[in-house]
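Read the structure below first, then the notes.
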Amino acid sequence: MPVPSHRSEAFRAAALDFGGSSGRVVSATLRGDQLHIDGVRRFRNRTFSNEQGMRWDAQRLYRDAVEGLKSLRREGAAFESVGVDTWSGDYGLLSAAGLIDAPFHQRDARTERSFPLVDEVLPAADAFHETGITALPIMTIYQLMADQSAGRLEAVRRMLLMPDLFSYWLGGAEVAEATNVSSTGLALTGGRGWDHERIAALGLPPRIFADVVAPGTITGRVHEGILPRGDVTDVTTVASHDTASAVIAVPATDENFAFVSCGTWVLTGVEVDEIITSDAARAAGFTNELGLDGTVRFLRIAPGLWIVNECIREWGLGGWDAQSQSARDELFARAAGASASDFLFDAGDPRLLRPGQMTGRIAELIAEAGGRMPADRVGIVRLVLESLGAFVARQVAEASTLSGVDVRVIHLVGGGSESPILAQSVADHSGLPVQAGPTEATSMGNILVQARAHGAVQGSLGDLRRVVRASSQLHRYEPSRAVRSMGS
């Protein structure tokens, strides 16, 4: 088997990885076939509401990221490159003077009005068969239609998706990265750029759409004053949809695998060569998103650790202080040693999407399944993680059936990979081995694309994954017991 080709000297880069509730800056060094995480800086991603709706505090998020980047630079050598990945759907609108206003949050209710407007012109069912993208109100297409209806696009010079906006502020060019563009509802398949026929059909101004570039494109250099004088640090596009970056770092050895990227959300699916647009796939809620090197992620998105995090917030343990963190760690440790749950609930139930009163909703669901709510917090945490594992196993089975991929191993990456309860539950309910790790999959995928763009590693997606395997401590979980179906 060929091995990746590397530069002789070390390569150091930083990943700016922003999620829906928090952000982090991760620095890493690649030496040969070993990628070592040097440091991590974490911070909150804050939202706020005004008279117009729910917004992201994007400028504060950027300032916090820059402070994290500066802090990590003080602790090590210069960065050759910086890359940004974020959640999908949202964007910033720019005029000649800069950002017009704080970006809208994808969960703002304004798309409830714009969704039917788009559907009249571009019916969701037809769109799925043409593009493979399942229609969700959080998508860029429905948000832009809301802005168009409100007259907010008249003064707009450019629309930049969130990772492209942060990259632009760092010093990159105004571009649109292809993997993130693929999830907007306004893209041609296969990474071929914006679909200008769909854009014209909706009456959206074509001037606001930036040129589409592939992951691994160097678009500029970090502005002077952000990093020490003399540093020459490129801004490099990565697979900027955070799930795309995470799946790059799935430590798979062949194509017969399913991936589970589990953080606040859980994204479960398989990697395929072509989009899958069957009626069954659409009915099951699956979608097709572009990955690195033209791959396609056939997946379904659902609430992940959001469920347990909402419980923790309800219990007053959701703070960022050391005391809250210690209490959460103890809760998870005790849950790992608790008895298995007798009954599970459907972790994919849409009632779990809403914030607040999460334990009450879980109690309702477990009662419907014929069980009783655990009496203590430890039991509730275990119940949630086991139920989530059973749900993920069902999604793997459905992805396998719909795609024809003969799944033989499940790779669990992201924050959820740290939970032995979750990993074992997936293994038990799927009857398949689960390989857990790496936790920092998104940042590793981000940095490996930068490394390849700079010649620090060469080869295919498989070669990048070989580096991940050589650089990660992985845990394997085998199915250990027969499990009953939910509610049986």
Side-chain angles (χ1 to χ4, degrees), residues 17-24 45 85-89 106-107 134 136 138 183 241-247 249-250 258-270 285-287 289 297 299-314 318 328 331-332 335 341 344-356 358-359 361-362 365 380-399 410-427 429-430 434-443 445 477 486:
D17 172 25
F18 302 140
S21 60
S22 65
R24 57 190 169 180
N45 185 3
D85 66 80
T86 78
W87 67 97
S88 64
Q106 58 189 227
R107 291 192 178 279
T134 294
L136 297 171
I138 64 175
S183 65
H241 184 174
D242 50 10
T243 308
S245 277
V247 173
V250 167
F259 61 82
V260 181
S261 178
C262 185
T264 301
W265 295 92
V266 60
L267 298 102
T268 305
V270 294
F286 279 75
T287 195
E289 297 175 347
R297 298 186 310 281
L299 60 82
R300 185 182 174 192
I301 182 172
L305 298 180
W306 154 266
I307 303 171
V308 70
N309 289 345
E310 278 293 290
C311 293
I312 287 172
R313 189 171 67 86
E314 187 177 321
R328 292 195 297 271
L331 193 59
F332 277 87
S341 306
L344 304 180
F345 63 89
D346 180 6
D349 193 288
R351 283 172 283 184
L352 300 173
L353 288 168
R354 302 192 303 275
M358 187 60 73
T359 57
R361 296 196 184 100
I362 293 171
L365 289 171
I380 293 173
V381 168
R382 179 154 194 126
L383 169 65
V384 171
L385 293 171
E386 288 185 319
S387 298
L388 183 59
F391 171 73
V392 165
R394 296 197 305 276
Q395 297 305 297
V396 168
E398 195 157 20
I410 300 170
H411 286 276
L412 174 61
V413 300
S417 68
E418 293 185 303
S419 169
I421 303 172
L422 175 59
Q424 190 63 60
S425 180
V426 174
H429 287 87
S430 66
V434 171
Q435 193 94 300
T439 303
E440 295 288 354
T442 303
S443 297
Y477 296 82
M486 186 174 53

### Query
Would a distance-only check, ignoring hydrogens and angles, find a side-chain to backbone donor-acceptor pair under 3.5 Å from T287 to T134?
yes
Closest heavy-atom pair, S387 versus A347, reported as atoms and distance to 0.1 Å, is O-CB, 3.8 Å
Measuring only between side-chain heavy atoms, which start at C-beta, is Q435 closer than 4.5 Å to L412? no
(request) Check whether any side-chain heavy atom of W306 sits under 4.5 Å from a side-chain heavy atom of S21, and report yes or no. (result) no
(request) Taking S430 for its side chain and V426 for its backbone only, find out whether a donor-acceptor pair lies under 3.5 Å. (result) yes
Residues pairing under salt bridge (charged side-chain N to carboxylate O under 4.0 Å, His left out) where one sits in residues 411-427, two or more places apart or in two chains, turn out to be none
Any side-chain heavy-atom pair from W87 and N45 closer than 4.5 angstrom?
-> yes
Exactly one of V260, I410, L422 clears side-chain contact (heavy atoms from CB on, under 4.5 Å) with V434, and that residue is I410
Taking every heavy atom of S417 against every heavy atom of G437, the minimum-distance pair comes out as CB-N, 3.5 Å
Exercise for the section: Check step by step if side-chain hydrogen bond (donor to acceptor under 3.5 Å, both in side chains) holds for S341 and E386. Expected result: CA-CA 8 Å; S341 306; E386 288 185 319; 2.6 Å; yes
Would you indicate whether the side-chain heavy atoms of R300 and L267 approach each other to under 4.5 Å? no
Shortest non-hydrogen pair, G348 vs F391, comes out as CA-CE1, 3.5 Å
Interatomic distance, OG@S88 vs CD@E289, rounded to 0.5 Å, equals 6.0 Å
Under 3.5 Å: donor-acceptor pair, side chain of E314, backbone of M358
yes
d(L383 CG, T359 OG1) to nearest 0.5 Å is 11.5 Å
Closer than 4.0 angstrom, basic N to acidic O: yes or no for E440 and R24? yes
With sequence neighbours left out, the residues meeting side-chain hydrogen bond (donor to acceptor under 3.5 Å, both in side chains) with D85 are N446
In this structure, CG of L299 is separated from OG of S261 (nearest 0.5 Å) by 9.5 Å
For R394 and D346: C-alpha separation, side-chain torsions, deciding distance, then whether salt bridge (Lys or Arg N to Asp or Glu O under 4.0 Å) applies.
CA-CA 10 Å; R394 296 197 305 276; D346 180 6; 3.0 Å; yes
_Could you tell me if the side chain of I307 sits less than 4.5 Å from the side chain of I362, heavy atoms only?_
yes
Correct closest heavy-atom pair for W265 and P303 would be CE3-N, 3.7 Å
Exercise. Kindly indicate whether the side chain of L344, heavy atoms from C-beta on, has any atom under 4.5 Å from the side chain of H429.
Key: yes
The reported gap from CZ in R382 to CD1 in I421 (rounded to nearest 0.5 angstrom) is 4.5 Å
Nearest heavy-atom contact between D242 and F18 is OD2-O, 4.0 Å
- Query: So, R361 side chain and R354 main chain: donor-acceptor pair closer than 3.5 Å or not?
  - Reply: yes
Donor-acceptor pair, side chain of E310 and main chain of L305, under 3.5 angstrom: no
task: Taking the side chain as every heavy atom from C-beta outward, state whether V413 and P438 have any pair of such atoms under 4.5 Å apart.
output: yes
Apply the test side-chain contact (heavy atoms from CB on, under 4.5 Å) to residues V392 and V266: give CA-CA distance (whole Å), side-chain angles for both, the deciding distance (0.1 Å), then the verdict.
-> CA-CA 8 Å; V392 165; V266 60; 3.8 Å; yes
Closest heavy-atom pair, T268 versus V396, reported as atoms and distance to 0.1 Å, is CG2-CG2, 3.6 Å
Check against side-chain contact (heavy atoms from CB on, under 4.5 Å), F345 and V384 | CA-CA 8 Å; F345 63 89; V384 171; 4.2 Å; yes
